[in-house]
Amino acid sequence: MPELPEVETVRRGLEAPLTGRRLVRVEQRRADLRWPFPPDFATRLAGRRIDAIDRRSKYLLFRLDDGAVWMVHLGMSGRLFLKHGAPPPGPHDHVVVETDAGSTLIFQDHRRFGMMDLVPEAELATHRLLAGLGPEPLGNEFNAESLSARLAGRRAPIKAALLDQRTVAGLGNIYVSEALYSAGISPLRLARSVVGRRAERLVPAIREVLQAAIAAGGSSLRDHRRTDGSLGDFQHNFRVYDREGERCPTRGCNGTIRRIVQNGRSTLYCPVCQK
DNA sequence: AACAAGACCTGCATGC
DNA sequence: TGCATGCAGGTCTTGT
């Protein structure tokens, strides 16, 4: 489900209500998600205060007052809800956290591809899931030069290379299709050939689609919700994703949006104006 | 080393 | 109605 814009939407939804709040009760309702929880997870988290909520790629990073970081990945179907009081947990509510503000943070994930960990701050940068990540696409280290360098020599299609989190961190299946469309680059083009003007177009295309999606609260196709349960809006702004068979929205292009499968995942694109 | 396929899960839409 | 099939926003692991 969640790509960078959806995770950032969740982060923003939690930041004001949870920063400075203490976690007074932690209920871990099963032993594992994608992987087992770390040892003594609930005990270690209980009583801690949240000092800040950050994001790296699709990971949420809750900075705690004991110097640890609570890492959360939403996987495909994970949600974080903030509710008033202490409602009874529903199906797939795997972690329930009550705060000293009388609110409850609920982690719900029916597919259980999500994960959580507790990591000392000093070990965060070398964490096995974070160490290999490429630059943040909205940060200064992501530019045409650095992107070209990471694509150099790669024979995989650009679609697959952009889904690879070592190339750039945070893109997923929706926003790769949208960014390639916006940049006029075919998803089938070999990654190593995205240099020069194409790389110069692709970087702002990625930035702009992500920023627009964040501004819209992310995309809700099936699973994504904001922390108050409301839907994101960016799915209404898709130009190719989920639009197979529709007319290409580029002015003057008579192409039809096509769906192909690359590495087992749908790619949507316009065969006429993406080269 | 790079790349593609398989695996992990549940729920939903579709078609017979 | 019931059942099989395919598909879904991720990414680690395995095999070529």
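Note: hydrogens, waters and symmetry copies are ignored here, and every other heavy atom, side chains too, is used. Just so you know, these numbers come straight off a predicted model, no measurement behind them.
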The side chain of [X] lies closest to which of these nucleotides: [options]?
{"X": "A/N263", "options": "B/dA5, C/dG10, B/dT10", "value": "B/dA5"}
{"X": "A/R111", "options": "B/dC3, B/dT10, C/dG10", "value": "B/dT10"}
{"X": "A/H92", "options": "B/dG11, C/dC12, B/dC3", "value": "B/dG11"}
{"X": "A/A156", "options": "C/dG10, B/dG11, B/dA4", "value": "B/dA4"}
{"X": "A/R128", "options": "C/dT11, C/dT13, C/dA8", "value": "C/dT13"}
{"X": "A/H110", "options": "B/dG11, C/dC7, C/dT11", "value": "B/dG11"}
{"X": "A/Q165", "options": "C/dT11, C/dC12, C/dC7", "value": "C/dT11"}

request  = Answer yes or no as to whether B/dC8 has its base stacked against A/F113, where stacking requires a ring-centre separation under 5.5 angstrom and planes under 30 degrees apart.
outcome  =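 Yes; centroid distance and tilt both under limits.
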request  = Would you please confirm or rule out a distance under 4.0 Å between OP1 or OP2 of C/dA8 and any side-chain N or O of A/S266?
outcome  =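 So the side chain of A/S266 is within the cut-off, an N or O lying under 4.0 Å from OP1 or OP2 of C/dA8.
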query = Between A/H73 and C/dG10, is there a side-chain N or O to OP1/OP2 distance below 4.0 Å?
reply =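 Negative; the distance criterion is not met.
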Classify [X] by what it touches in the nucleic acid, base, sugar-phosphate, or nothing, heavy-atom distance under 4.0 Å.
{"X": "A/R155", "answer": "sugar-phosphate"}
{"X": "A/P91", "answer": "nothing"}
{"X": "A/F234", "answer": "nothing"}
{"X": "A/L129", "answer": "sugar-phosphate"}
{"X": "A/G264", "answer": "nothing"}

Find the distance [X]:[atom1] to [N]:[atom2] and express it as a whole number of Å.
{"X": "A/M115", "N": "C/dT13", "atom1": "CE", "atom2": "P", "value": "12 Å"}
{"X": "A/M76", "N": "C/dG6", "atom1": "CE", "atom2": "C1'", "value": "13 Å"}
{"X": "A/R265", "N": "C/dT11", "atom1": "CZ", "atom2": "C1'", "value": "9 Å"}
{"X": "A/M71", "N": "C/dG10", "atom1": "CE", "atom2": "C1'", "value": "14 Å"}
{"X": "A/E244", "N": "C/dA8", "atom1": "CD", "atom2": "C1'", "value": "15 Å"}
{"X": "A/Y175", "N": "C/dA8", "atom1": "OH", "atom2": "P", "value": "16 Å"}
{"X": "A/D223", "N": "C/dG10", "atom1": "CG", "atom2": "C1'", "value": "12 Å"}
{"X": "A/L4", "N": "C/dT11", "atom1": "CG", "atom2": "C1'", "value": "16 Å"}

message = With rounding to the closest Å, how many angstrom separate the P atoms on C/dC7 and B/dA5?
response =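 These two P atoms come out 14 Å apart once rounded.
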query = On a whole-Å scale, what distance lies between the P atoms belonging to B/dC9 and C/dT14?
reply =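 Those two atoms are separated by 15 Å.
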Take atom [atom1] of [X] as the centre, draw a 6.0 Å sphere, and report whether it contains more than 12 heavy atoms from other residues, nucleotides or ligands.
{"X": "A/Q211", "atom1": "CD", "answer": "yes"}
{"X": "A/R29", "atom1": "CZ", "answer": "yes"}
{"X": "A/H236", "atom1": "NE2", "answer": "yes"}

key: Base-pairing mate for B/dT10 - Watson-Crick or G-U, with both contacts under 3.5 Å   =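 When the pairing criteria are applied, C/dA8 turns out to be the nucleotide that pairs with B/dT10.
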ask   = For C/dT1, what is the paired nucleotide under Watson-Crick or G-U wobble rules, both distances under 3.5 Å?
value =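 Matched C/dT1 with nothing under the 3.5 Å cut-off.
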Less than 3.5 Å apart, any donor N or O on the side chain of [X] or [Y] sitting next to an acceptor on the other?
{"X": "A/E178", "Y": "A/Y269", "answer": "no"}
{"X": "A/D223", "Y": "A/S77", "answer": "no"}
{"X": "A/S186", "Y": "A/Q274", "answer": "no"}

Which residue lies more 5' along DNA chain C, comparing A/G218 with A/R34 via nearest heavy atoms =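 Final value for this comparison: A/G218.
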key: Parallel, tilted or perpendicular: ring planes of A/F41 versus A/F37, cut at 30 and 60 degrees   =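 It falls in the tilted class, 30° to 60°.
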